[in-house]
Structures are given as structure tokens and as C-alpha cells.
Amino acid sequence: MPDSTTVEILAEVHRGVGRIQLNRPKALNALTTDMVAAIDRVLASWEGTPLSAVVLASTSTKAFCAGGDIRTIREYSLAGDAEASERFFATEYRLNARIAEYPVPVVSLIDGLCMGGGLGLSVHGGFRVVTERAVLAMPETGIGFFPDIGASYFLPRLPGAIGMYVGLTGHRLDAADALYTGLATHFVPADGLGAVADALADHPDDPVDVVLNRLAGRSPVAESGLAEVRGDVDRAFGAPTLGEIEKRLRHFDTPWAAAASAAQESASPQSLEITHALLARGRQRTLRECLDAELALARTTIRTPDFLEGVRAALVDKDRAPRWQRTSLGGGAPQA
Ligand code: QUE
């Protein structure tokens with residue numbers, strides 16, 4: 001009998017291209033420990049194979065990947081099984097590092113939702129293709145967690161203060177925004193996505209960038225809403241402290257600033273503190289150092305009331321009305 005890993009992750013090598021598909025469509029490909037372990041095993045097993053590329057994709061048109069299976073992590077916490085959660089995060093972050101260091105170009109095809117752990121699979125690879133249906137976000141402050149999966153490495157390296165904005169507010173990026181920030185590298189219309197792996201197989205000696213550009217439609221990057229508010233993003237989110245960011249947002253009398261303020265006000269105060277400190281420090285850290293710091297922080301954060309409450313409100317009861325603990329600055333929040 002096939003186990004769940006053979007069903008939820010499909011993998012094959014076809015004409016010199018490794019192809020991995022996430023196949024848990026009912027959960028928007030939320031990643032379980034078995035799934036990240038299976039992807040890691042597949043990539044490890046291909047390291048001796050001469051491949052022109054590895055393509056990471058989804059069997060669902062709704063989502064590339066909604067993130068980690070955080071509902072199950074909460075259940076582990078409630079059952080007192082911290083080891084099971086730690087196994088998940090350690091395996092996931094090891095996979096993130098493997099993707100970053102992989103000897104073959106990794107090409108992710110992002111069609112639909114891509115949040116949290118989905119960005120961890122894609123952003124560390126060299127090529128991130130988005131379609132007109134792509135929606136990217138790091139929404140963890142809204143569930144009492146923090147941007148992990150190496151986000152403390154890649155967010156501070158986005159232009160200006162965009163990473164701090166995206167990490168603190170959970171702002172959703174469309175394809176144009178993703179291309180503008182560099183989270184995405186190429187645009188291919190959804191109806192052309194099926195041709196990517198074959199095109200890479202047909203032209204193994206062409207640079208991946210050249211192959212992807214041949215499939216590209218008209219790039220929507222000129223329509224980036226984030227580009228339009230970039231000046232205000234940098235002025236507000238470039239502030240040295242969380243309190244100063246909030247103060248600057250209140251002084252901007254614009255719809256964008258009001259929305260950013262509201263997003264921060266609905267997030268977990270503990271998560272905002274952790275995230276601000278983590279992203280500030282991430283600038284000086286290597287990816288591996290970032291992942292190590294995130295693993296230590298994940299261990300403590302998943303035990304906190306805000307995490308249990310945030311996941312309850314977003315994914316269990318779905319009332320979207322979390323009751324956060326009030327943390328004072330420098331108070332009980334785990335150290336980033
Ligand atoms: C923050 C998150 C996640 C989230 C929502 C957040 C996350 C995640 C899911 C999710 C969504 C749909 C599913 C599912 C999980 O939502 O990590 O199983 O069907 O996996 O605000 O970090």
C-alpha cells in the first residue's frame with residue numbers, strides 16, 4: 001500500500017529535468033513533516049544525477065503552497081508533543097537550505113497562493129516563475145508566529161524597507177509586486193506553465209533564464225501597486241523601532257498607511273516584536289545562521305498562548321478574532 005508521502009509528493013526525472021509536484025490540493029498543499037522529508041529525500045537522491053533543472057510545481061491551480069501545516073503543529077503543542085513540532089521545523093528548514101545550495105537550478109512555478117513555507121520552497125531557488133493568479137505573502141504575525149523558512153535572510157535583502165513591511169503586516173503581493181520586489185524572477189501566463197518543464201528539457205544547454213524569457217508573456221511589473229507606495233513604505237518601515245514605525249504610519253494620512261496600521265493592530269504584539277528584531281538581525285546573518293535562529297525561536301514561539309490562539313482563530317474556529325496577550329516591550333516575548 002502506498003504511504004501518504006508517495007501521494008502528496010509526486011516526483012520523476014523526465015528528459016533530464018527533475019519534476020516535483022505538491023499534491024495535497026484539499027489543504028492548499030500545506031506542508032506536513034512527511035511532505036518536506038519526502039522532497040528533501042528526492043532532492044538528495046538526485047544530487048548525483050546530471051539534470052538541467054529541477055521544476056517545483058503544484059497539482060492545484062488554487063495554490064502553490066499555503067505554508068506549513070500549522071494546524072497540526074498546534075495540535076502537537078496541545079498534546080504536549082514538542083518533539084513532533086521540532087521535527088517538522090528542523091526538516092523544513094533543512095530542505096530550505098538544501099534548495100539554496102542545490103547544484104542544479106531550481107525553478108518554482110507559482111500559480112495561485114504561495115505563503116510562508118511555500119516561499120521557503122521557492123525563494124531560495126534561483127528561479128521563481130509567477131502567473132497572473134499568484135498571491136504571495138508572509139502572514140505569520142497574524143497567527144502569533146513570525147516569518148520563518150529563511151525569511152529573516154531574504155526579507156531584509158528586498159529593496160528598501162519592503163521586507164520589514166511585508167513581514168510585519170502580511171501584505172499580499174500580486175505577480176507585479178512579486179516581480180518588482182525580486183521575490184519572483186519571471187512571469188509566465190498560467191496557460192503557458194505546462195510548457196516550462198518541456199522547454200527546459202528541449203534546451204538543456206540554454207541558460208534557464210533564456211528559456212523562461214522565451215515563454216514569458218508581457219510582464220505586469222509596471223502595474224505594481226507596491227512600487228507606487230515605495231517611498232512611504234521606506235519612510236515608515238525603515239524606522240529603527242516598532243513604536244517609531246507605528247508613529248510614522250499615523251502621521252501619513254493615506255489609505256495605504258491606514259491599511260498598514262490596521263494590519264499591525266490586528267497582528268499579535270508578541271509576533272511584531274519578534275519579527276522586527278529578527279529581521280533587523282537577519283541582515284547581518286548568513287542563510288544558515290538565519291535558519292538556526294528561526295529554529296530556536298520556533299521552539300519557544302509554538303509554546304506561547306499567542307501562537308495557540310492565533311492558529312485557533314485563523315484555521316480552527318475561523319472566527320478571525322484572536323485575543324492576543326498584551327506584551328510590554330522587552331517583556332515576555334521570546335528573544336530573536
Ligand atoms: C498564516 C499562516 C498560514 C495560514 C494562514 C496564516 C499557514 C497555513 C495556512 C493554511 C491555509 C489553508 C489550509 C491549510 C493551511 O494558513 O502557514 O491547511 O487548507 O498553512 O494567516 O502561516
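Counting starts at 1 for both ligands and their atoms, following the listed order. This is a predicted model, so every value here is computed, not measured.
- Applying the 4.0 Å criterion to heavy atoms of Leu28 picks out, from ligand 1, the atoms 12 (C).
- Residue contacts with ligand 1, taken as heavy atom pairs separated by less than 4.0 Å, do not involve Ala314 at all.
- Using a cut-off of 4.0 Å between Lys/Arg side-chain N and Asp/Glu carboxylate O, Glu75 and Arg71 are scored as not salt-bridged.
- The residue from Thr32, Ile73, Ile143 that puts a heavy atom closest to atom 22 (O) of ligand 1 is Ile143.
- Heavy atoms from other residues, nucleotides or ligands lying under 6.0 Å from CZ of Arg283 number 12 at most.
- Residue contact check: Ala27 has heavy atoms under 4.0 Å from atoms 13 (C), 14 (C), 18 (O), 19 (O) of ligand 1.
- At a 3.5 angstrom cut-off on N or O pairs, Gly68 counts as close to ligand 1.
- Between the side chain of Arg128 and the backbone N or O of Leu183, at least one donor-acceptor pair lies under 3.5 Å.
- Shown here is Glu228, whose CD atom has no more than 12 heavy atoms of other residues, nucleotides or ligands within 6.0 Å.
- Gln21 and Ser58 are not linked by any side-chain donor-acceptor pair at a separation below 3.5 angstrom, with hydrogens and angles left out of the test.
- Residue-level proximity to ligand 1 for Leu315 is carried by the side chain, the only part with a heavy atom below 4.0 angstrom.
- Looking only at heavy atoms of the protein, atom 1 (C) of ligand 1 is closest to Pro139 CG, 3.4 Å.
- Against a heavy-atom cut-off of under 4.0 Å, Met115 is close to the following atoms of ligand 1: 4 (C), 5 (C), 16 (O).
- Under the 3.5 Å distance criterion, the side-chain polar atoms of Glu132 are matched with a main-chain donor or acceptor of Ala190.
- The residue from Arg71, Lys26, Arg24 that puts a heavy atom closest to atom 18 (O) of ligand 1 is Arg71.
- Side-chain atoms of Glu92 never come within 3.5 Å of backbone atoms of Phe89 as a donor-acceptor pair (strictly under, hydrogens ignored).
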